[in-house]
Amino acid sequence: MNAIMMPSNRTVTKTELIESLARKQNHLAYKDVELAVKSLIEKMSLTLSVGERIEIRGFGSFSLHFRPPRIGRNPKTGDSVALAGKHVPHFKPGKELRERVNNGAAADMEAN
Amino acid sequence: MALTKAAMAEMLFNELGLNKREAKELVELFFEEVRDALAAGEDVKLSGFGNFTLRVKNERPGRNPKTGEEIPISARRVVTFRPGQKLKARVEAYAGSQ
């Protein structure tokens with residue numbers, strides 16, 4: 001692996017995202033931006049929890065994938081356990097996000 | 001019906017009292033912030049929802065599915081989403097219509 005292409009370990013948190021948005025939208029109160037972001041995230045969670053998709057053009061889509069029932073094992077005792085089927089959230093990045101993320105990596109390489 | 005940016009802006013307008021232009025701008029900017037961070041090589045952690053993390057994939061052999069011709073798939077950086085515990089638990093409970 002090319003070390004230069006390694007993503008940095010920096011992580012942006014929800015709070016930092018809210019701070020950055022609030023700086024850019026300084027006609028809005030910080031509290032309002034915070035509430036708006038939290039509402040957006042709650043709305044997205046709620047949407048998935050009722051089995052609906054999320055489609056954000058240029059960003060990507062979220063949907064549910066079904067995991068069929070299976071026989072699992074208790075790793076301690078080795079006993080078989082029947083596990084019910086379940087849904088898991090899935091994200092598919094959109095074209096613009098894919099390209100920008102990959103071009104960002106390519107730009108890092110050229111800069112070095 | 002899928003949740004879209006328009007529906008999210010509508011929600012901010014109805015529930016938070018932002019005006020329509022502000023609501024639309026904020027939704028747009030929210031996703032732009034996440035995208036900018038990822039494009040700059042940063043992971044994004046949205047507690048209560050999940051984490052967007054970057055992974056680097058090495059070059060690997062590929063094939064043109066139409067012609068069968070072998071072409072290498074270049075090394076690339078990709079985004080993956082890992083749902084958080086809270087989201088997983090909420091979604092798991094969905095019985096579905098399958």
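Nothing here was measured: the structure is a model prediction, and the numbers come from that model. Chain identifiers are assigned alphabetically (A, B, ...) following the order of the sequence lines, protein sequences preceding nucleic acid strands; residue numbering begins at 1 within each chain.
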Under 4.5 Å to a heavy atom of chain B? For A:Ser39 that would be both
Salt bridge check, B:Glu33 against A:Lys24: does any charged N sit closer than 4.0 Å to a carboxylate O? yes
One option among B:Thr80, B:Val79, B:Leu18 has the most heavy-atom pairs under 4.5 Å with chain A, and it is B:Val79
For this session: Evaluate the salt bridge (Lys or Arg N to Asp or Glu O under 4.0 Å) criterion for residues B:Glu28 and B:Lys24: first the C-alpha distance (whole Å), next the side-chain angles of each, then the deciding distance (0.1 Å), finally the verdict.
Result: CA-CA 6 Å; B:Glu28 200 63 56; B:Lys24 196 168 167 244; over 6 Å; no
Most heavy-atom pairs under 4.5 Å with chain B, out of A:Leu35, A:Leu48, A:Val33, A:Leu21, belong to A:Leu21
Practice task
Could you label the plane-to-plane angle of the A:Phe91 and B:Phe81 rings as parallel, tilted or perpendicular, counting under 30° as parallel and over 60° as perpendicular?
Solution key: perpendicular
Under 4.5 Å to a heavy atom of chain A? For B:Leu29 that would be both
- Message: Could you check whether atom NZ of A:Lys43 has more than 12 heavy atoms from other residues, nucleotides or ligands sitting under 6.0 Å from it?
- Response: no
Parallel, tilted or perpendicular: which one describes the rings of A:His87 and A:Phe66, with boundaries at 30° and 60°?
tilted
Turns out that what part of B:Val44 lies under 4.5 Å from chain A's heavy atoms comes down to both
Review point. Any ion pair linking A:Glu42 and A:Lys38 (charged N to carboxylate O, less than 4.0 Å)?
Key: no
Ranking A:Asp32, A:Ile41, A:Val37, A:Leu40 by heavy-atom pairs under 4.5 Å to chain B gives rank one to A:Leu40
The interface call for A:Pro93 against chain B, heavy-atom contacts under 4.5 Å, is side chain
Honestly, the part of B:Asp36 sitting under 4.5 Å from a heavy atom of chain A is both
Note to self: Tell me whether A:Arg100 is salt-bridged to B:Glu32, with the criterion being a basic N under 4.0 Å from an acidic carboxylate O.
What the structure shows: yes
Under 4.5 Å to a heavy atom of chain B? For A:Leu28 that would be side chain
In terms of heavy-atom pairs under 4.5 Å with chain B, the winner among A:Arg57, A:Glu99, A:Glu96, A:His27 is A:Glu96
Honestly, the part of B:Leu38 sitting under 4.5 Å from a heavy atom of chain A is both
If you tally heavy-atom pairs under 4.5 Å between each of A:Glu52, A:Gln25, A:Arg98, A:Glu16 and chain B, the highest tally belongs to A:Gln25
When the 4.5 angstrom heavy-atom criterion is applied to B:Met8 and chain A, the contacting part is both
Assert top hit (heavy-atom pairs under 4.5 Å, partner chain A, pool B:Lys45, B:Glu59, B:Arg82) equals B:Lys45
Do the charged groups of A:Glu19 and A:Arg23 touch, with an N to O distance under 4.0 Å?
-> no
Exercise. Answer with yes or no after comparing the ring centroid distance for B:Phe30 and A:Phe59 against a 6.0 Å cut-off, counting only values under it.
Key: no
